[in-house]
Chemist: 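Below are the structure tokens for one structure; questions will follow.
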Amino acid sequence: MILDKIDELLKEVSALQARNAEEIEQLRLKYLSKKGEITALMADFRNVAADQKKAVGIKINELKQAALSKINELKEQVETSEEEKDDLDLTRTAYPILLGTRHPLTIVKNEIIDIFSRMGFTLAEGPEVDDDLHVFTKLNFAPDHPARDMQDTFFIEQNPNDVTKNIILRSHTSGDQAHYMETHQPPLRIICPGRVYRNEAISARAHCFFHQVEGLYIDKNVSFTDLKQVLLTFAREMFGADTKIRLRPSYFPFTEPSAEMDISCNICGGKGCGFCKHTGWVEILGCGMVDPNVLEACGIDSKSYTGYAFGMGVERITNLKYRVSDLRMFSENDTRFLEEFKTAH
Ligand SMILES: [Zn+2]
């Protein structure tokens, strides 16, 4: 009989619930106080037959322990939920609302777009996931050009029968030129900002993604002089009216002739410092006259039209303007870094 009663109480205790400290105290009184049910069992214990005393004693102890630990468990539950309530401060004002800041790369990209817009360039954007045809083939890259290597470019889908159908993450924004020329006839005057990807190990000086702005101008009688004038205007708008530029011969598959452009170091004013490696000049972009092969591949008559193209790295320009020398800072989302640009836009 007493064993049945104990089993019943064990079941009851294991299902106990309480919403607050007061209810827990009621439960404690009901089971564990001097007048509680478990204490009453102790009184009955006297009447238990001698040969059963041991088994019943163990059972009663088990019940007492179960009741104690259940009550402690309920206490903890109630305390935790009250602490959670304390975290919610309903009297706190909603103002001032903290505003975010523009990312430094966005600030610089917008400034580049703004300068070229004032010179009559319009915005054109291409896809980040593109094919070999537009990123390499139409831009006059030789079939064995190293840029096509998986070491340099991220492949999404390879076509074993036709490399031009390989699907890749674009490795430069120059592919946007090909898309635009295919669908528009001259005169064309566009800038294409965007993110590009290369298969590189991440370090302070290299990253697997970065940003470029590409420019393209195609019309009748466009000359290298026009290119130089546009780039000089850009450099002076971006880095100050005293900025000088110089063009050094270079090579790109899609332009002929090609050049790299330096500006007079905006940190030492051209006198020479650690930043410009004491040369007084820093490189900022690549450019050249669009190769006639590219015009023809994109459906533009190269006998009637000529044009120039240029491309620059947004991170590079941002580094020159704001001295962000570690590329990783741009994508780490450290708010202390980002807040430094609060007043820049
Ligand atoms: Zn310098």
Side-chain angles (χ1 to χ4, degrees), residues 101-116 118-119 172-174 191 193 195-196 198 200-215 224-252 255 257-288 308-332 334 336-345:
T101 55
R102 265 191 224 287
H103 193 279
L105 293 176
T106 306
I107 295 168
V108 169
K109 182 190 78 177
N110 287 347
E111 204 175 335
I112 297 170
I113 292 172
D114 186 49
I115 294 168
F116 284 106
R118 280 187 265 127
M119 291 192 271
H172 55 183
T173 44
S174 306
I191 42 165
R195 185 176 294 145
V196 301
R198 291 199 195 157
E200 300 216 26
I202 296 169
S203 71
R205 299 178 65 84
H207 211 294
C208 59
F209 65 82
F210 50 97
H211 301 78
Q212 291 183 332
V213 176
E214 188 81 11
F224 203 94
T225 316
D226 299 322
L227 169 62
K228 194 176 172 187
Q229 191 55 45
V230 159
L231 294 180
L232 177 64
T233 306
F234 165 72
R236 289 184 170 166
E237 292 273 328
M238 196 71 186
F239 297 103
D242 298 335
T243 308
K244 295 183 192 69
I245 65 166
R246 73 174 185 189
L247 291 155
R248 287 178 289 107
S250 185
Y251 171 79
F252 305 110
T255 45
S258 305
E260 269 170 292
M261 186 174 101
D262 299 335
I263 58 164
S264 50
C265 177
N266 65 324
I267 291 163
C268 61
K271 288 189 201 79
C273 68
F275 190 82
C276 58
K277 299 193 183 84
H278 303 281
T279 61
W281 296 94
V282 282
E283 185 193 321
I284 65 159
L285 58 81
C287 60
Y308 60 72
F310 54 85
M312 64 189 85
V314 181
E315 279 81 353
R316 175 81 180 150
I317 310 267
T318 309
N319 181 11
L320 280 167
K321 279 199 79 117
Y322 299 113
R323 313 291 130 73
V324 184
S325 52
D326 189 334
L327 279 175
R328 292 169 295 194
M329 298 291 285
F330 290 125
S331 50
E332 277 173 354
D334 185 334
R336 290 166 302 179
F337 166 71
L338 296 171
E339 278 173 6
E340 287 179 36
F341 299 90
K342 230 171 200 163
T343 54
H345 32 126

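Note that ligands are numbered from 1 as they come in the structure, with each ligand's atoms numbered from 1 the same way. One-based numbering along the sequence shown. Values reported hereafter were calculated over all heavy atoms of this structure, with side chains retained and with hydrogens, waters and symmetry mates removed.
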Chemist: With a cut-off of 6.0 Å (strictly less than), are more than 12 heavy atoms of other residues, nucleotides or ligands near NZ of K228?
Modeler: no

Chemist: Measuring from atom CG of L285 to atom CD1 of I245, what distance do you get when rounded to the nearest 0.5 angstrom?
Modeler: 8.5 Å

Chemist: When you measure from the Zn ion (ligand 1) to the N, O or S atoms of H278, does any of those distances fall below 2.8 Å?
Modeler: no

Chemist: Take I202 and C208, measure what side chain to side chain contact (heavy atoms under 4.5 Å, CB included) needs, and give me the verdict at the end.
Modeler: CA-CA 6 Å; I202 296 169; C208 59; 4.0 Å; yes

Chemist: With the Zn ion (ligand 1) at the centre, find the angle made by SG from C276 and SG from C273, to 10°.
Modeler: 110°

Chemist: Once rounded to 10°, what is the value of the angle centred on the Zn ion (ligand 1) between C268 SG and C265 SG?
Modeler: 100°

Chemist: Quick one: do the T101 and E339 side chains pair a donor with an acceptor below 3.5 Å?
Modeler: no

